[in-house]
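Reviewing the structure listed below.
Please read all numbers here as calculations on a predicted model, not as lab measurements. In what follows, every chain begins at residue 1, and chains take the letters A, B, ... in the order their sequences are listed.
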Amino acid sequence: MDSSHPDRPDIPRVPGKGVGSAPGEPGASARRITNFLDGLVASPGYRGQMVHVEEIAPREPVYLAPTAHLSEPVTTALASMGITHLYSHQAEAVDHILGGRNVAIVTSTASGKTICYNIPVLETLLRDPDATALFLFPTKALAQDQLRVLGDFCHRESAFKDLVRAGTYDGDTPAETRRKLRNEANVILTNPDMLHQGILPYHSRWSRFFARLKYVVVDEMHTYRGIFGSNVANVLRRLGRVVRHYGSDPVFVLCSATIANPQELAEALIGGKCEVVSQDGSPRGPKLFVLWNPALLDPRSMERKSSNVEAHELMVGLVEAGIQTITFTKARVVAELVLRYVRESLARRNPHLVSKVSAYRAGYLPEERRKIERALFSGELLGVASTNALELGIDVGSLDASIIVGFPGTIASTWQQAGRAGRKTDEALVVFIGYNDPIDQYLMRHPSYFFGQTPEHAVIDPANPYILAGHLSAAAFELPLCGEDEKIFGALTRPMVGILEEVKKVKTIEGQTYWATTEFPAAGVGLRTISDDTFTIVDRTGPEKVIGVVDAISAPELVYPEGVYIHDGATYLVRDLDLEGKVAYVERQEVDYYTQPILDSSIRAGSARKTSTWQHLAIAYGDATVSWMTTAFKKIKFYSLDSIGYGRLDLPAQHLETVSLWICPDEVVAAHLKQHGKNPVEGLVGLKNVLINILPLFVMCDRQDLGGIVESSNTGRPTIFLYDRFKGGLGFSEKAYSMVPEILKGALDLIEECPCAEGCPSCVGLPILRPAQHQDPDPGHGYPIPDKDASKMLLRQILGIA
Amino acid sequence: MESRDPRPRPGGPRRERPDPADSEEIRRRIENLRLALLGRAGDVGGEARDAGAGGTAEAKCHGGDAEPGSTGVDAPFIIEAIEGAREVTSGLGRCLVIEKRLRECPGLDRLDRAHRSLAGREDVSGEAPAEAARSRLAFLDLETTGLSATPLFLAGLLVERGGTLEAVQLLARDYSEERCLIGELDRLLGGSEVCVTFNGKSFDLPYLRERAKYHRLPLEARPEQLDLLHHARRRWKASLPDCRLLTLEWYILGRRRMGDVGGWEVPCIYHEFVHTKDATRLRDVLRHNLLDVLAMAELLISLAEA
């Protein structure tokens with residue numbers, strides 16, 4: 001897209017939400033997107049980058065009146081929000097909830113899920129002002145946002161004025177407020193971590209609240225997967241038994257984005273039956289989903305134009321056309337790059353728009369993020385370049401366009417990000433821009449794969465003994481364990497209690513098992529795998545000022561000495577990284593390049609706890625230490641991506657002490673492959689990718705909970721390592737060790753059934769999770785998709801199939 | 001062909017979830033957990049530590065002095081053998097009551113006068129108050145296994161019986177006896193008009209209320225409350241280093257305890273007692289509790305008469 005642009009209709013943009021709110025001739029604004037795309041195609045710079053346009057048909061609203069009669073205050077409040085009829089999924093949900101049935105609501109973003117539970121809660125409070133409700137959100141920010149939404153609803157009707165006493169209860173709540181909330185609130189908004197450590201162990205202070213608890217709302221259910229989900233499932237079971245102790249039996253309401261198995265996940269989380277409402281009755285304007293492949297710079301070298309630069313050009317065009325846009329990027333640095341490019345272009349062309357764009361990511365201070373969210377919602381901001389931090393449901397309203405730069409890693413994330421664009425009747429646009437790496441290029445070539453793929457399964461395993469042990473201890477602390485608890489926590493309860501008795505942490509008296517030490521068990525159980533440790537980023541240019549934060553694990557990859565740190569589009573040089581003090585000192589400096597860390601990662605196998613041989617394989621399970629460190633960094637010029645130098649670094653490595661399975665094929669197998677012109681290492685890499693894909697279904701974890709490497713420094717021969725991405729391990733690779741033959745058969749099935757010709761992201765090709773996390777994917781070219789035939793041959797040799 | 005669904009069937013490699021009730025599965029998981037609890041991975045190639053050292057709480061409690069389960073003397077001390085101990089049974093279960101008439105303690109009249117003067121009540125007629133008009137006092141001090149959300153196990157009281165003060169200690173011999181203890185305590189407090197505590201307003205009474213809520217027991221007793229700490233602060237804060245009970249005991253009552261247990265040791269001693277049933281150290285806790293409650297009675301006099 002060059003500087004000569006077709007004329008654009010000069011519609012003054014007055015942002016607003018709701019049906020048909022954009023002013024100007026209705027015809028023109030409804031076709032804004034189409035006009036924009038037409039303009040793109042007609043522009044001189046266009047060279048066929050749009051490889052596919054999927055038209056997602058508009059959806060008419062489906063209205064339904066709930067069977068339950070809604071009271072006057074509720075209908076009046078709804079009417080004042082412009083809602084005179086409920087969508088079908090809302091009515092269904094309301095009926096289930098008021099009818100006392102647990103329900104999971106699985107519809108798209110902005111389909112009005114919040115109303116599904118706010119209505120029944122308010123209806124119940126009107127009839128029974130002493131009733132209470134608990135709302136759970138995965139983050140504090142979401143809880144605060146939803147408190148605002150609830151407050152807004154209640155504001156509209158005087159009947160709710162003194163009736164609803166709601167508040168957020170989390171680590172930031174001051175002590176005096178906590179007391180007040182415990183004693184008086186009827187709606188409490190919190191997060192699973194606070195429930196786990198700050199509420200359940202002290203449940204007698206909540207006796208009033210729990211005795212009258214009618215509803216438990218679990219929002220963003222799809223985030224509760226893998227290790228986190230397994231932990232939260234146990235927290236919810238503990239909640240259930242505490243609440244029953246006080247005589248209540250609340251209804252559970254779970255809200256989720258689309259996953260392949262919502263009912264299974266919901267029932268596994270709450271340990272009970274659950275209805276599912278998934279037919280979305282909300283209207284949707286037509287959506288155009290464009291796959292955009294940057295043009296080849298040189299057909300011989302297969303070099304393409306920078307995707308980040310393309311993203312910024314598209315974003316500039318959209319913003320100038322008054323189309324509110326969000327650009328999703330895979331790394332924080334890319335969000336900053338895109339913002340910077342966009343601002344520079346706008347400064348030249350339309351300076352008054354420069355302040356209308358912003359970036360958004362982890363590491364911005366909370367006040368900054370709140371400001372940006374509000375400005376998006378009000379329409380003040382026309383464009384935001386974000387990481388997946390904005391994927392989660394914080395209400396920023398609906399935007400017109402979503403640009404997705406690079407495949408985010410899962411289909412579920414892709415649709416979440418795409419879902420941010422879409423209004424009720426106007427056109428919406430999603431542009432997926434591929435990087436020049438094998439995965440993205442595969443998607444460019446196979447749109448039907450992209451649009452046909454179901455979202456992933458969410459898997460949890462609450463009965464995982466390593467996870468369960470901590471929660472059983474916490475449960476014993478809360479209320480003595482008894483025979484009934486076996487039904488709640490599973491068959492491992494009794495043997496585990498036996499172990500806890502052995503180590504004298506509990507004592508059983510007349511069938512009741514009491515906690516018997518001065519320890520506080522909940523403190524030893526963390527629900528999440530990421531660390532809470534944060535570094536602050538301090539700007540030393542003038543008087544010292546904290547401008548951002550970064551988590552301890554990412555710090556050596558983002559704020560290494562002499563690196564360029566970008567914040568809100570501005571460049572800073574990192575002067576000093578104080579690892580002990582957990583501070584990074586930066587100074588403001590205008591530079592024309594950015595930096596990228598060069599990571600070195602390795603695995604060192606410790607002593608094997610179990611070994612065996614099978615067919616042509618040496619298999620082992622044991623301790624392993626995975627290490628990675630930033631050894632150096634590249635300096636890369638903006639726009640051109642020219643590499644202009646390197647810097648050496650001397651930073652300590654980070655380690656993960658965990659457990660691993662390793663599989664090492666013998667010479668016979670390798671020779672067989674070589675004989676047929678196949679590379680055995682490539683076959684192993686492909687196999688490793690398949691195993692990471694399918695292991696979750698065998699060992700009940702999430703794909704994120706595993707890591708894999710193929711290397712030979714440990715055993716002297718090319719070997720696959722599959723490890724638990726959790727300190728000390730959680731039994732995943734261990735379980736896999738006992739099932740190797742089955743798993744390999746499953747792998748062969750998957751590869752053979754996959755209709756792709758040479759390999760695809762569904763079988764042998766998958767991005768490696770580390771070290772790509774903070775990398776700008778542009779200058780690198782990803783990892784090649786291994787040759788599928790090599791993996792197939794490898795497996796057939798091992799399994800002894802002709 | 002592009003229109004054909006390119007996805008491999010998700011059902012393909014999936015297998016049935018292993019039945020956790022399968023004993024082979026259980027055995028394996030237990031073994032893993034045992035290894036995990038006894039010798040966590042994190043030491044590369046770590047070996048399982050000795051199971052006997054498992055209970056960290058015990059290690060903390062014993063501080064290396066006594067071995068778990070052994071007391072250094074010949075026989076374990078059985079709590080029921082304490083003089084004045086008898087078991088109480090009610091609809092709420094069982095607990096132990098230890099009663100003791102005190103040979104030396106302030107007379108009831110004196111206590112009553114002191115209480116009136118502190119509570120700001122005046123005898124209008126100027127005559128000696130009639131028996132029936134006298135408020136019945138109860139002094140209370142609780143011992144708990146923590147600062148909150150954990151069981152209380154001992155309630156020490158001084159109550160009026162037969163013209164004098166009697167020490168009554170209610171003990172939960174294990175965690176299951178707390179319910180009965182609370183019920184008995186409520187009964188005793190219900191028989192008194194005033195409950196005197198030291199820092200009870202902030203600690204003992206809210207603690208009792210919380211544990212009652214935990215057990216879903218209503219508390220019937222609603223005695224007047226007198227918290228000596230507040231009066232002590234008002235009177236002595238400026239002249240003493242602090243207003244802890246031990247400090248006041250020394251400076252105001254002129255007494256120092258020998259060989260008393262420290263407050264921080266109490267929870268561990270109790271847990272150990274529950275595990276071993278040897279009350280040798282618990283006896284010290286009972287004594288400590290009794291001394292606290294006696295000190296409170298004498299303090300009341302000092303506050304009024306000094």
Side-chain angles (χ1 to χ4, degrees), chain A residues 201-205 207 245-246 260 446-449 452-454 457 463 465-466 469 480 490-492 495-496 499 502-505 507 509-510 512 514 516-519 606-607 623 625 657-659 694 697-698 700 727-729 731 734 738 742 746-747 749-750 753-756 760 762-763, chain B residues 2-10 12-15 17-22 25-30 32-38 40-46 51 54-58 60-61 68 145-146 148-151 174-176 209-216 267-268 271 274-275:
Chain A
Y202 306 101
H203 60 84
S204 58
R205 299 183 192 171
S207 55
H245 173 76
Y246 292 106
H446 300 92
S448 64
Y449 171 93
Q453 183 77 313
T454 50
H457 277 75
Y466 301 94
L492 286 177
M496 253 195 233
I499 297 182
E502 240 184 81
V503 296
K504 298 222 171 38
K505 292 203 189 284
K507 181 147 180 77
I509 300 162
E510 286 172 9
Q512 305 270 311
Y514 300 84
T517 86
T518 51
E519 281 168 45
S607 45
D623 302 313
T625 304
E657 286 165 3
T658 181
V659 289
I694 61 171
L697 298 175
F698 286 86
M700 310 261 280
K727 185 170 182 323
E734 183 172 13
S738 65
E742 256 181 283
D749 286 342
L750 187 143
E753 281 171 12
C754 192
C756 69
C760 76
S762 274
C763 57
Chain B
E2 293 288 72
S3 57
R4 196 155 67 93
D5 186 343
R7 297 164 285 158
R9 295 281 123 243
R14 189 132 42 119
R15 78 192 282 274
R17 282 186 181 206
D19 180 6
D22 168 17
E25 178 72 16
I26 288 187
R27 241 186 341 100
R28 192 160 26 107
R29 287 189 173 203
I30 298 312
N32 303 337
L33 183 62
R34 190 188 301 275
L35 286 173
L37 281 180
L38 302 180
R40 199 88 178 117
D43 348 316
V44 176
T56 19
E58 276 190 87
K60 271 205 289 247
C61 288
T145 51
S148 70
T150 62
D174 60 47
Y175 316 108
S176 72
R209 277 195 294 271
E210 247 187 60
R211 293 310 293 173
K213 277 199 222 138
Y214 176 96
H215 287 284
R216 316 206 62 202
C268 280
H271 287 302
V274 174
H275 275 115

Inter-residue atom distance [X].[atom1] - [Y].[atom2], 0.5 Å rounding:
X        : Y        : atom1 : atom2 : answer
B:Tyr214 : A:Tyr202 : OH    : OH    : 14.0 Å
A:Tyr514 : B:Thr145 : OH    : OG1   : 13.0 Å
B:Asp174 : A:Glu510 : CG    : CD    : 7.5 Å

Margin query: Between A:His245 (side chain only) and B:Arg216 (backbone N and O only), is there a donor and an acceptor less than 3.5 Å apart?
Written below: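 Pair absent, no side-chain N/O of A:His245 close to backbone of B:Arg216.
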
Notebook entry, point to check: When you measure from the side chain of B:Arg211 to the backbone N and O of A:Ser204, does any donor-acceptor pair fall under 3.5 Å?
Noted result: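 Not at all, since once roles are kept as given, no pair shorter than 3.5 Å links the two residues.
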
Note to self: Counting C-beta onward and ignoring hydrogens, is there a side-chain heavy-atom pair between A:Arg205 and B:Ser148 closer than 4.5 Å?
What the structure shows: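 Contact flag for A:Arg205/B:Ser148 side chains = yes.
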
Note to self: So which atom in A:Ala516 and which in B:His271 form the shortest heavy-atom distance, rounded to 0.1 Å?
What the structure shows: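 Closest heavy-atom pair between A:Ala516 and B:His271: O-ND1, 3.2 Å.
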
Check: Minimum heavy-atom separation for A:Pro201 to B:Ala149, with atom names?
Finding: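 Closest approach of A:Pro201 to B:Ala149: O-CB, 3.3 Å.
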
Check: What part of B:Ser176 lies closer than 4.5 angstrom to a heavy atom of chain A: side chain, backbone, both or neither?
Finding: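 Contact with chain A: backbone and side chain both.
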
